[in-house]
There are 2 protein chains.
Amino acid sequence: MPDTHDCPGCAAPDLAFAAHDHAHCSHDALERAEALTAATGARLTPVRRRALEILLEEHKALGAYDVLARLAAEGFGNQPPVAYRALEFLVEQGLAHRIQRLNAFTACVHPGEDHAPAFLICRACHTVAEAEASGARQSLEAEAARAGFQVERTTIEALGLCPNCRGQA
Amino acid sequence: MPDTHDCPGCAAPDLAFAAHDHAHCSHDALERAEALTAATGARLTPVRRRALEILLEEHKALGAYDVLARLAAEGFGNQPPVAYRALEFLVEQGLAHRIQRLNAFTACVHPGEDHAPAFLICRACHTVAEAEASGARQSLEAEAARAGFQVERTTIEALGLCPNCRGQA
DNA sequence: TCTTGACCTGTTATGATATTACATACATAG
DNA sequence: CTATGTATGTAATATCATAACAGGTCAAGA
């Protein structure tokens, strides 16, 4: 299993926006997913695995129905729960994330590493990058603590323009 | 028009979770809303004003259809766009916020003051508190800048337990 | 005054997202 | 082999959101 230094997500915070060997990038994530689920006993079944592969194809967020259409075309069930269940599993296992702002899902770029992700969503090309949010998360927790609030889950997302689309505007 | 020191939102970051004179709190927000819209020329029409009053009744987030039902019962239109348009106006004017995690809306507790809000959402009682997110937002911007990403809008939300519900668990 | 144009409200229709409930299949521990 | 838990498939429905168009109001300018 690769260590942290091999993790493309960690090595390049702007990974999603930069040209890179995406085949390697997604292959790596898939391998990690297999290792992780094997380690915890979670079952990465064919639908689930395929759903993850679909999310890994691009650094974008896909709606459940987009994923569903792809799965259905490949012979899996064609009703919404098929997609929602697979996606829910991936999110629970930390293999994918839900982007609240888009009601959509994106593959995690460094599964298995404890991380507090923030998402950078380009409104022009719809690329979604996963950035480190530990600083933001800490601030948020501190503010919450002031109000006596106990944080369980956080949503930290930014909408804007990625470096590529900025250039074109 | 009251200055910052009269603002209940600023005075108490845990306002929503604490017992307080809510009649004064919501009345105050409504007054501010009137002053603000008058100042900018925006039209706080009857539906819009009523929608804001409905949101101000509680420190919770209401779905568009909840607001719609209330409006319809009072003689306004009963089709979705009626609610969505009023809510959209309120959000644009900074009089309400959209809570992405809940697909719902909540009244702003200190309209008119430039602020970067974070939301603390209690999963037990569904109270939504507006906290200061300038620290978190700064961290997020810094991280985004590292990737060359230009932030336009942020979503910063925490789901967890409010002080009251924590005690009961 | 009349007209124009901007904006607001209402309604119909539809689209997009998500869940509940139940039936069937499949793996594996006993 | 069979009981149990878990995964998958499907039907039906609930929930959230928008497009498109019609009619109303109001104020600015011809």
Side-chain angles (χ1 to χ4, degrees), chain A residues 33 37-38 40-52 54-55 60-93 95-106 121 126 155 157 159, chain B residues 33 37-38 40-52 54-55 60-93 95-106 121 123 126 128 155 157 159:
Chain A
T37 49
T40 64
R43 293 164 58 188
L44 189 61
T45 60
V47 225
R48 292 166 174 178
R49 190 194 152 104
R50 194 69 197 103
L52 179 56
I54 290 168
L55 291 183
K60 310 225 157 148
L62 288 182
Y65 279 74
D66 296 328
V67 173
L68 177 59
R70 299 282 307 271
L71 292 173
E74 298 173 23
F76 294 102
N78 74 135
Q79 297 302 312
V82 169
Y84 281 102
R85 285 193 290 229
L87 293 166
E88 182 189 25
F89 170 86
L90 296 175
V91 170
E92 269 168 8
Q93 302 298 316
L95 305 176
H97 299 289
R98 176 165 201 147
I99 309 298
Q100 299 289 349
R101 185 136 203 149
L102 304 176
N103 290 327
F105 301 82
T106 192
I121 308 162
H126 304 115
T155 300
E157 299 173 357
L159 186 70
Chain B
T37 50
T40 64
R43 292 164 58 189
L44 189 61
T45 60
V47 224
R48 292 167 173 178
R49 189 193 151 104
R50 194 68 196 104
L52 179 55
I54 290 167
L55 291 183
K60 310 225 157 148
L62 287 182
Y65 279 73
D66 295 329
V67 173
L68 176 60
R70 298 283 308 268
L71 291 173
E74 297 173 22
F76 296 102
N78 73 137
Q79 296 304 312
V82 169
Y84 280 101
R85 286 195 289 232
L87 292 166
E88 181 189 26
F89 169 86
L90 296 174
V91 170
E92 269 169 7
Q93 300 299 316
L95 305 176
H97 299 289
R98 174 164 203 148
I99 309 299
Q100 299 288 350
R101 187 136 200 145
L102 303 177
N103 291 327
F105 301 83
T106 192
I121 307 161
R123 65 167 162 78
H126 305 115
V128 173
T155 300
E157 299 172 357
L159 185 69

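Chain identifiers are assigned alphabetically (A, B, ...) following the order of the sequence lines, protein sequences preceding nucleic acid strands; residue numbering begins at 1 within each chain.
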Report the distance from atom [atom1] of [X] to atom [atom2] of [N], rounded to the nearest whole Å.
X	N	atom1	atom2	value
B:Leu102	C:dT17	CG	P	18 Å
B:Glu88	D:dA19	CD	C1'	13 Å
A:Arg50	D:dT8	CZ	C1'	18 Å
B:Arg101	C:dA18	CZ	P	13 Å
B:Leu68	C:dG10	CG	C1'	12 Å
B:Glu92	C:dC7	CD	C1'	13 Å
A:Leu90	D:dA7	CG	P	12 Å
B:Leu62	D:dC16	CG	P	11 Å

Comparing B:Pro80 and B:Arg43 on DNA chain D - which has the more 5′ nearest nucleotide: B:Pro80
Nucleotide nearest [X] (side chain, heavy atoms from C-beta), chosen from [options]:
X	options	result
B:Phe76	D:dT18, D:dT10, C:dG10	C:dG10
A:Arg48	D:dA11, D:dA7, D:dG9	D:dA7
B:Gln79	C:dA21, C:dT11, D:dA7	C:dT11
A:Asn78	C:dT19, D:dT10, C:dA27	D:dT10
A:Val47	C:dC8, D:dT8, C:dT11	D:dT8

Please give me the minimum heavy-atom distance between [X] and [Y], naming the atom from each residue.
X	Y	result
B:Thr106	B:Ala61	CB-CA, 4.2 Å
B:Gln93	B:Thr40	OE1-OG1, 4.0 Å
B:Ala83	B:Leu71	CA-CD1, 4.4 Å
A:Leu87	A:Leu55	CD2-CD1, 3.9 Å
A:Arg50	A:Glu74	NE-OE1, 2.5 Å

B:Tyr65 over D:dT15, stacked by centroid distance under 5.5 Å, angle under 30°: no
Pairwise 5' ranking along DNA chain C for A:Pro81 and A:Asp66, keeping only the more 5' one: A:Asp66
Residue met sooner reading DNA chain C from 5', once B:Asn103 and B:Gly75 are mapped to nucleotides: B:Gly75
Sugar-phosphate only, base, or nothing, as touched by A:Arg85 at under 4.0 Å among non-hydrogen atoms: base
base_contact_polar (D:dA19 base, B:Tyr84 side chain, donor-acceptor, <3.5 Å): no
